[in-house]
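What's counted below: heavy atoms across the whole structure, side chains too, no hydrogens, waters or symmetry copies.
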Amino acid sequence: MTYNPHCVYYGIDVGLRRIGVSKQEAGTQVVLPVDTLWRSDGDDAIDMLIDVIEEDHTNIMFYIGLPYTMSGSLGPQARSVIEWAKRLQQNCPKSQIRFVDERLSSAGAHKDLHHSGKKMKEHRAVVDQQAAVIILEQALAIQQNRQSPAGLGFDDIATQKGESDERYY
């Protein structure tokens, strides 16, 4: 799939406590931060995300940052992100979900915010959104360069093995 001007692209940075959301409007090249959602044990954040995307209920692609370990394997946090993404897919069955490497997105987000003049105290409120912007911008650049979606789908992730050599689903 090449770039689809009718598709709405979302970047998602799933953390332990917060989820950053970014968006590229259909037909534009601009990626903007959208929201920071608080993650709980349930699906509250998914419900909140669905409220955010309600107007875009068809033709959506989510690029979700997958936190590989620095050695390139999938650790416990990556498993948590995959499980969260499965629940998102169940709630948004018409959407497409792709996973992209996000190992340095938070560090890049802090750097971007620092260069924009934000004080470190102000970072927490928006760093996850900025990380989601970085995830989406990188994914869209790869997609445009390859003329196919960036990252990996659920089937691709299922064939990867992690540190303990077990399948993640």
Side-chain angles (χ1 to χ4, degrees), residues 1-3 7 9-24 31-43 45-46 48-49 53 60-92 95-115 120 123-169:
M1 173 187 158
T2 58
Y3 174 75
C7 188
Y9 295 92
Y10 283 91
I12 309 291
D13 177 49
V14 181
L16 293 172
R17 296 188 180 138
R18 295 179 306 271
I19 298 171
V21 181
S22 65
K23 176 180 181 179
Q24 181 191 43
V31 175
L32 297 172
V34 173
D35 205 351
T36 299
L37 310 173
W38 287 95
R39 187 173 180 191
S40 65
D41 291 336
D43 287 338
I46 290 174
M48 288 185 281
L49 180 58
I53 66 168
I60 295 173
M61 180 177 280
F62 293 104
Y63 278 111
I64 299 177
L66 192 61
Y68 287 90
T69 64
M70 284 305 189
S71 67
S73 62
L74 299 174
Q77 179 59 21
R79 285 193 297 269
S80 174
V81 170
I82 292 166
E83 291 303 317
W84 186 88
K86 284 182 189 178
R87 292 193 309 276
L88 176 61
Q89 182 73 71
Q90 290 169 350
N91 285 278
C92 297
S95 66
Q96 298 176 60
I97 294 179
R98 303 290 292 179
F99 297 95
V100 293
D101 187 347
E102 64 116 55
R103 275 181 273 195
L104 300 175
S105 63
S106 292
H110 279 292
K111 184 178 177 182
D112 290 350
L113 292 169
H114 176 73
H115 287 306
M120 194 58 126
H123 286 203
R124 182 174 292 183
V126 294
V127 71
D128 301 293
Q129 292 176 42
Q130 186 60 31
V133 166
I134 291 170
I135 288 166
L136 185 53
E137 286 176 340
Q138 289 175 347
L140 292 172
I142 291 167
Q143 178 175 296
Q144 183 175 2
N145 188 40
R146 291 191 340 198
Q147 294 297 301
S148 65
L152 304 170
F154 281 109
D155 291 340
D156 303 317
I157 294 293
T159 62
Q160 287 194 353
K161 297 186 180 194
E163 295 170 343
S164 63
D165 212 29
E166 62 185 70
R167 291 191 182 256
Y168 291 109
Y169 58 109

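With sequence neighbours left out, Val31 forms a side chain to side chain contact (heavy atoms under 4.5 Å, CB included) with Ser22, Gln24, Val133, Leu136, Glu137, Leu140. For the side chain to side chain contact (heavy atoms under 4.5 Å, CB included) test, residues two or more places apart in sequence or in another chain that qualify with Gln89 are Ser95, Ile97, Phe154. Partners of Ile142 by side chain to side chain contact (heavy atoms under 4.5 Å, CB included), not counting sequence neighbours, listed by chain and number: Arg146, Ala150.
How far CE of Met48 is from CD1 of Ile19: 7.5 Å, rounded to the nearest 0.5 Å. With rounding to the nearest 0.5 Å, the separation of SG in Cys92 from CG in Leu49 is 6.5 Å. Rounded to the nearest 0.5 angstrom, Ile64 CD1 and Arg98 CZ are separated by 11.5 Å. A distance of 9.5 Å separates CG of Leu37 from CG of Asp128, quoted to the nearest 0.5 Å. To the nearest 0.5 angstrom, Asp35 atom CG is 12.5 Å from Arg18 atom CZ.
The two residues Ile135 and Gly65 have their closest heavy-atom pair at CD1-CA, 3.7 Å. Taking all atoms of both residues into account, the shortest heavy-atom contact from Asp13 to Ala131 is OD2-CB, 3.5 Å. Nearest approach of Gly11 to Ala132, heavy atoms of both residues: O-CB, 3.4 Å. The two residues Leu16 and Gln77 come nearest to each other via the heavy atoms CD2-OE1, 2.8 Å.
The backbone N or O of Leu88 sits nowhere less than 3.5 Å from a side-chain atom of Asn91 that would complete a donor-acceptor pair.
Evaluated for a ring pair (Phe, Tyr, Trp, His ring centres under 6.0 Å) with Phe62, the options Tyr10, Phe99, Tyr9 yield exactly one hit, Tyr10.
Inspection of the Arg39 and Ser80 side chains reveals an N or O donor paired with an N or O acceptor under 3.5 Å. Judged purely by distance below 3.5 Å, without hydrogens or angles, the side chains of Gln143 and Tyr63 pair a donor atom with an acceptor atom.
Two residues are said to be in side-chain contact when any heavy atoms from C-beta on lie closer than 4.5 Å; Val100 and Gln138 fail this criterion. Residues Cys7 and Ile60 are not in side-chain contact: their nearest non-hydrogen atoms beyond the backbone lie 4.5 Å or more apart. Leu66 is not listed as a side-chain neighbour of Leu152, based on a closest heavy-atom distance of 4.5 Å or more.
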